[in-house]
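These notes concern the structure reproduced below.
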2 protein chains.
Amino acid sequence: MPRSQRRRPALTHPDAAEIDLLDVLHALADPTRMTIVRTLRAEPERPCGTFPVDVAPSTLTHHFRVLREAGVIHQREDGNRRWTALRLADLDGRFPGLLDSILGAYETGPAAP
Amino acid sequence: MPRSQRRRPALTHPDAAEIDLLDVLHALADPTRMTIVRTLRAEPERPCGTFPVDVAPSTLTHHFRVLREAGVIHQREDGNRRWTALRLADLDGRFPGLLDSILGAYETGPAAP
DNA sequence: ACAGTTGTACGATGGTTGTCGAAAGAGAGG
DNA sequence: CCTCTCTTTCGACAACCATCGTACAACTGT
């Protein structure tokens with residue numbers, strides 16, 4: 001039986017119209033989550049365990065939930081893996097240009113010493 | 001003796017080059033602070049006590065410190081008052097277009113019910 | 001059936017945060 | 001001097017958050 005038919009808490013994603021800006025900002029205001037989002041922009045979809053972050057798996061699950069409940073990422077199940085993708089269209093539909101602006105600002109580089 | 005010469009902890013503002021994006025995002029990811037910044041964009045400078053927020057004065061002081069240490073606002077003392085202003089030029093110099101993009105996104109309105 | 005892989009759930013923990021009230025400092029004005 | 005206004009500091013509190021280890025569940029392969 002595939003996971004999508006299991007009797008377990010399904011992956012909850014907010015509607016595009018329900019995405020709250022403050023939730024998005026809070027989700028992005030964390031170095032680990034920012035790394036996840038940046039990695040995800042370069043590649044359309046990617047399994048959970050393949051992100052260049054240095055935290056425990058359970059911590060990674062926590063960060064994915066924060067991003068998912070904020071409406072930043074989408075996760076789908078496929079066999080044993082959970083594929084993660086940016087909700088680019090939804091985010092850009094609700095807040096045009098915002099994600100590019102924030103990610104672009106991040107590329108400007110860290111603060112000077 | 002004016003306040004600027006007092007023996008009290010001076011107002012510390014980070015250098016423009018030291019402004020960290022994650023700190024800015026975290027500072028803006030709060031409804032009270034977002035209201036402060038939005039109010040500040042409409043008016044160039046404004047005394048502390050005149051913001052349309054519904055929190056205790058000590059809480060307001062706390063939020064001003066978060067915004068100031070993130071480099072979002074500048075505060076100067078004048079007699080009995082503390083004038084607060086957006087660091088628009090510094091912010092836009094470091095992260096061009098970012099603040100407009102975020103505030104514009106906020107004007108898009110709250111999440112649908 | 002069995003072992004390996006992938007990711008989650010739970011419980012705990014130390015740190016951070018938003019909130020407030022009470023007290024106090026500093027200036028303006030009488 | 002005394003009082004009033006504006007704002008801060010301190011101490012406290014509950015809530016939240018990032019982190020981890022352990023245990024577990026589901027799928028994949030042999």
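Hydrogens, waters and symmetry mates play no part in the numbers below; they use all other heavy atoms, side chains included. Just so we're on the same page: letters track the sequence lines, and every chain starts at 1. Being a predicted model, the structure only gives us computed values, none of them experimental.
Rounded to an integer number of Å, the gap from A:Gln75 CD to C:dG7 P is 10 Å. The CZ-P distance, from A:Arg81 to C:dG4, rounds to 18 Å in whole Å. Whole-Å rounding puts the B:Arg68 CZ to D:dT7 P distance at 13 Å. The CG-P distance, from A:Asp78 to C:dG7, rounds to 11 Å in whole Å. Separating the CD atom of B:Glu69 from the P atom of D:dT8 is a distance of 12 Å, rounded to the nearest angstrom. We find that CZ of B:Arg76 is positioned 15 Å from C1' of C:dG27, with the value rounded to whole Å. One interatomic measurement links the two molecules: CG of B:Leu60 to P of C:dT19, which rounds to 10 Å at whole-angstrom precision. Rounded to a whole Å, the CD1 atom of B:Ile36 is 14 Å from the C1' atom of D:dT7.
Contacts of B:Val24 classified as side-chain contact (heavy atoms from CB on, under 4.5 Å), with partners at least two apart in sequence or in another chain: B:Ile19, B:Leu28, B:Val72. For B:His62, there are no ring pair (Phe, Tyr, Trp, His ring centres under 6.0 Å) partners, not counting sequence neighbours. Legend: residues meeting side-chain contact (heavy atoms from CB on, under 4.5 Å) with B:Asp78, ordered by chain and number and at least two apart, are B:Arg76, B:Trp83.
Between the side chain of B:Thr108 and the backbone N or O of B:Ala105 there is at least one donor-acceptor pair closer than 3.5 Å.
Between A:His13 and A:His74, the ring-plane angle classifies as parallel under the 30° and 60° cut-offs.
Residue pairs meeting the salt bridge (charged side-chain N to carboxylate O under 4.0 Å, His left out) criterion with at least one member in residues 23-40 of chain A, sequence neighbours excluded: A:Arg38-A:Glu107. Each side chain to side chain donor-acceptor pair (under 3.5 Å) pair with one or both residues in residues 46-55 of chain A, not counting sequence neighbours, appears once here: A:Glu43-A:Arg46, A:Arg46-A:Thr50.
Within the structure, a side-chain polar atom (N or O) of A:Thr61 is placed less than 4.0 Å from OP1 or OP2 of C:dT8. For B:Arg82 and D:dT7, the shortest distance from a side-chain N or O to OP1 or OP2 is not below 4.0 Å.
On a pure distance criterion of 3.5 Å, no polar donor-acceptor pair joins the side chain of A:Asn80 and the base of D:dT28.
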Check nucleotides 18-20 of chain D against the protein and report each pair of N or O atoms closer than 3.5 Å, with its distance, or say if there are none.
{"from": "D:dA18", "atom 1": "OP1", "to": "A:Arg33", "atom 2": "NH1", "distance (Å)": "3.2"}
{"from": "D:dA18", "atom 1": "OP1", "to": "A:Arg33", "atom 2": "NH2", "distance (Å)": "2.7"}
{"from": "D:dA18", "atom 1": "OP2", "to": "A:His62", "atom 2": "NE2", "distance (Å)": "2.7"}
{"from": "D:dT19", "atom 1": "OP2", "to": "A:His63", "atom 2": "NE2", "distance (Å)": "2.3"}
{"from": "D:dC20", "atom 1": "OP2", "to": "A:Ala56", "atom 2": "N", "distance (Å)": "2.9"}
{"from": "D:dC20", "atom 1": "OP2", "to": "A:Thr59", "atom 2": "OG1", "distance (Å)": "3.3"}

